[in-house]
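Just so we're clear, the structure is a prediction, and the values are computed from it rather than from any experiment.
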Amino acid sequence: MLRLLALSLCASFATAENGLSAWLRYAPLQGGQHFHSSVPSHIVALNSSTVSPVYIAGQELQQGLKSILGKQCNVHHAHYGGGSNIVVGTVAEYSKAYGALSSTPDLLDDGYLLDTIGNTVQIIGKNERGALYGAFAYLSKVAQGNFTKVAEVSNPSAPIRWTNEWDNLDGSIERGFAGNSNWFSNGSIVSNLTRTAEYARLLASIGINAVVVNNVNANASLLTPTNIEGLGRIADVMRPYGVQVGISLYFSSPTAGVKGQANLTNFDPLDESVVQWWSNVTDQIYEHVPDMAGYLVKANSEGQPGPLTYNRTLAEGANLFAKALQPHGGIVMFRAFVYNPLNETVWTADRANAQIEFFKPLDGEFDDNVVIQIKYGPIDFQVREPVSPLFANIPKSAVAIELQVTQEYLGQQCHLVYLGPLWKEILDYDLRVDNETSLVRNIISGERFNHSLGGYAGVSNVGTNETWIGSHMAMSNLYAYGRLAWDPTLDAQDVLQDWIRLTFNTNPSVIDAMTQISMESWPAYENYSGNLGVQTLTDILYTHFGPNPQTQDNTIWGQWTRADQKTIGMDRTVANGTGFAGNYPPEIAEMFENIATTPDNLLLWFHHVNYTQLLKSGQTVIQDFYDQHYAGAATAQTFTTLWESLQGKIDDERYYDQLFRQVFQAGHSLVWRDAIANFYYNLSGIPDEAKRVGNHPYRIEAESMELDGYEPYAVIPFEAASNFTAIVVSSNTTAGTAQTTITCPSGTYDVAVNYYDQYGGASHFVVSLANETIGEWTSNLKPWIGNSEGPRVLGHTPSIYIDGHSAMRITFSNVTVTKGDVLKIVGTPDGNDIAGLDYVSILPLGVVE
Ligand SMILES: *[C@@H]1O[C@H](CO)[C@@H](O)[C@H](O)[C@H]1NC(C)=O
Ligand SMILES: *[C@@H]1O[C@H](CO)[C@@H](O)[C@H](O)[C@H]1NC(C)=O
Ligand SMILES: *[C@@H]1O[C@H](CO)[C@@H](O)[C@H](O)[C@H]1NC(C)=O
Ligand SMILES: *[C@@H]1O[C@H](CO)[C@@H](O)[C@H](O)[C@H]1NC(C)=O
Ligand SMILES: *[C@@H]1O[C@H](CO)[C@@H](O)[C@H](O)[C@H]1NC(C)=O
Ligand SMILES: *[C@@H]1O[C@H](CO)[C@@H](O)[C@H](O)[C@H]1NC(C)=O
Ligand SMILES: *[C@@H]1O[C@H](CO)[C@@H](O)[C@H](O)[C@H]1NC(C)=O
Ligand SMILES: *[C@@H]1O[C@H](CO)[C@@H](O)[C@H](O)[C@H]1NC(C)=O
Ligand SMILES: *[C@@H]1O[C@H](CO)[C@@H](O)[C@H](O)[C@H]1NC(C)=O
Ligand SMILES: *[C@@H]1O[C@H](CO)[C@@H](O)[C@H](O)[C@H]1NC(C)=O
Ligand SMILES: *[C@@H]1O[C@H](CO)[C@@H](O)[C@H](O)[C@H]1NC(C)=O
Ligand SMILES: *[C@@H]1O[C@H](CO)[C@@H](O)[C@H](O)[C@H]1NC(C)=O
């Protein structure tokens, strides 16, 4: 009886699984009481100041062990004698309280020793932050039910392990898909910083040591005295977690008329008054934030002002801030993302060359406390890019890699894309500088070229949403970012599985299903968006979400594909192209220079080829486009089925939340597939050997139905609609009807409806067969998915148009269809949403088309 009760309690889930506690849920461990003896009963946290990381570590251990094992431990803040203890503190405090350690661990700053051998758990940090990291590491093991004895020294791979948050002062977040800012609102810092502290706790648990709190596209008014005081408050709530605050600067702030600061007539970095101004402002900031981590600067990029305005070099610009920060120990993260608009008619023009052109000549001119922050690829967070060659070209400068945790070009948290494997490929890449092993991770750690500074910047963009980042599953990316920044030699799948165990549970079938979805997600997304190194093929002029390949070309932005009727790809060879391949060290340059040695997955990044060019697989480029887009979308369909296998094995709250997203992704992957395949079929005229592209036997085009109050609509871009055409209501105040007589044999089918969900209105649809309603839904970024609970919203940047961003699918399963029935759809518009419909598919069971 008692036993049963205990089991049923353990099997129940914590109450609110809204994602707020992420991987720090400390869920009760099944049979936790059996492990009480594996864990000491007393915690000694060797600092009694409530705002010290060691004190926090003590609290965290107490709370964690109580919640995971049901074990109540007492916390002491000085030497405590009796019996076995968990002792957490710095090396120095430990020695004071307990005498010198038997052997001195080889610890770097932020590193820790975790020793569970014997009856005392020792968690000893080089500094307070390290001690807190050790406590989180111990709790992570306990929460995963792993009581293996360890005596391990863990040191960070690099000193810089920061996030960049693109929060604007008005409270919005650039490329944020999870609500508004947790710390800014209406031009200043909010008074309630509870969530900010909670975020710092999450970051500490994965080894992140600083947060740049405002957008790189910065606003000078961050520097008003009131806001500087507010930054002090943010720093105060983050400091107990060992997380420092950094800020982004607007280069021309001295002339921006910042309230409470002097207003100058220029922002020339060599002008004495400008130097004084920055030094003055920097001093003011350090009065409020004595441990400020430093500045992040985006200058002379995408319209931002910078030193080039005054014919000064980027190094002179960076050093201006370096000198102001130097007395305080702060550093400048100077972004390498600098490029000028380009003209595509010039064959040799190449945005990918810009960083080399700007930064290589300046190597050696940056002050010691400047770190060049380099995006992983030379363009902009695309689904596949070669490693930025800048990592190999400025050996005299400290560098950091910029990774993007928020999925700007990778489905905006509405498509599940686990990024660990992408980052690992980049971090493990061997650039062969001087023909010697030169792994990217060893360059950014400072090891390869002997720099004490270096590391990681992860663009995270969490918001007020309970899930932090906008979707439960996308939090694996934030977790993996921190873990890999700490130790880039970890395996991306191992990290993922730690996250699954901590965030959901340790049920092997849960781990298997989530692992499969996550590990297959990046390759699948690459396949249905842009494969062969052609880039994501999203709309680069609007929201970076849905398909729109033609926006890449004929713009000044240099993300070109140079696709025409016969050929596609950027010729980045030295022999005949932009010369970009030559920016790599000789062995790598040689490989990319030749089609024969360029890997297929980067072919179109480096070469301009015929659509009929043969790949190493033996397939032509165009057929591979078709095949991979079909394969990628097919894989995305399996994610829904895999996710459905989790019902009852995880809590319903998160099960339905994510099911909604998987259903959306499955539908939108078909939109992607069809758009890209149709676009290149239309351009090249080369048919799909498998006869899939443009041939959809189960579809009934809306424009071919009998329309009343609806009219055909030529969609832009054309490929975002089947047969290039949708229907929209003729009057945006009156419902429209589209109907047709079913001609397929009677039977049971899945009925899929492809429609458009525009932002700025909630149109309503009713689908009926022989006057019997088979489904209805309101189109307001809330696709209906059967038995889902509560309203759900997609977080992606919405579209006000009928296009590849607003296109989506809804499916009604197991519908009895009789030949001769009338299929009728009534669409009622609302506001800007004009009830766009593309097609209906009557799908034999098991077919997804
Ligand atoms: C348990 O922890 C030990 C020591 O850290 C590790 O080697 C082992 O892989 C872990 N076991 C599991 C199942 O994660
Ligand atoms: C501050 O914010 C937290 C988290 O959102 C909330 O729970 C709390 O009620 C707020 N406190 C006040 C005083 O508004
Ligand atoms: C810093 O600037 C403020 C505002 O312009 C001014 O009042 C103050 O005197 C300056 N301090 C120094 C040390 O220059
Ligand atoms: C600050 O100075 C700049 C440049 O001299 C000027 O254009 C601007 O109007 C001034 N702003 C204020 C608020 O005085
Ligand atoms: C910068 O140099 C260019 C020539 O290289 C010159 O035309 C321009 O006037 C200079 N600008 C300034 C602000 O000195
Ligand atoms: C690009 O260069 C061509 C000539 O090569 C010129 O005709 C065209 O106007 C230029 N486009 C832009 C946007 O500058
Ligand atoms: C060489 O470059 C020219 C443009 O200058 C281009 O038209 C041609 O296709 C390229 N040749 C090859 C073999 O890629
Ligand atoms: C480095 O590798 C390149 C390309 O393989 C080769 O040409 C060159 O001779 C090598 N240099 C040295 C110093 O070995
Ligand atoms: C592309 O096809 C053309 C003929 O249409 C041929 O002349 C050219 O050599 C081919 N280019 C490549 C790179 O194979
Ligand atoms: C495709 O759209 C055109 C109008 O753009 C229409 O005339 C034609 O009937 C449509 N084809 C089908 C199969 O619906
Ligand atoms: C937060 O995100 C979840 C899941 O992504 C979503 O269902 C929910 O509506 C969002 N909540 C708010 C308040 O935006
Ligand atoms: C109706 O549609 C037109 C054209 O799309 C638009 O200008 C107008 O604002 C819409 N009306 C409403 C009430 O949204």
Listed partners of Thr506 passing side chain to side chain donor-acceptor pair (under 3.5 Å), at least two apart: none
Does the distance from a Lys or Arg side-chain N to an Asp or Glu carboxylate O, for Lys126 and Asp110, drop under 4.0 Å? no
Applying salt bridge (Lys or Arg N to Asp or Glu O under 4.0 Å) as the test, list every pair that has at least one member in residues 224-250; sequence neighbours left out. Glu229-Arg233, Asp236-Arg239, Arg239-Asp291
Please round to the nearest 0.5 Å and tell me the distance separating atom CD1 of Ile500 and atom CG of Asn505. 10.0 Å
Plane angle bin for His328 and Tyr286 - parallel if under 30°, tilted between 30 and 60°, otherwise perpendicular: parallel
Output yes when a side-chain donor or acceptor of Asn209 lies under 3.5 Å from a complementary backbone atom of Arg161, and no otherwise. yes
Apply salt bridge (charged side-chain N to carboxylate O under 4.0 Å, His left out) to Lys141 and list each qualifying residue two or more places apart in sequence or on a separate chain. Glu152
Using a 4.5 Å cut-off on heavy atoms from C-beta on, say whether the side chain of Leu114 contacts that of Val150. yes
Give me the ring orientation class for Phe35 and Phe147: parallel if the planes are under 30° apart, tilted from 30 to 60°, perpendicular past 60°. parallel
Those residues that, when tested against Ser157, pass side chain to side chain contact (heavy atoms under 4.5 Å, CB included) (two or more places apart): Tyr456, Pro488
Would you say Asn477 and Ile469 make side-chain contact, with heavy atoms under 4.5 Å? no
Applying side chain to side chain donor-acceptor pair (under 3.5 Å) to Ser41 and not counting sequence neighbours gives Lys71
Which class fits the ring pair Tyr199 and Trp183: parallel under 30°, tilted 30 to 60°, perpendicular over 60°? parallel
Here the side-chain hydrogen bond (donor to acceptor under 3.5 Å, both in side chains) pairs for residues 478-492, sequence neighbours left out, are Ser154-Trp486, Tyr479-Arg483, Arg483-Asp498, Asp487-Thr489
Look at Glu60 together with Arg201 and state whether they make a salt bridge at an N to O cut-off of under 4.0 Å. yes
Between Arg195 and Trp468, is NZ or CZ placed under 6.0 angstrom from the six-membered ring centre and within 45° of the ring axis? yes
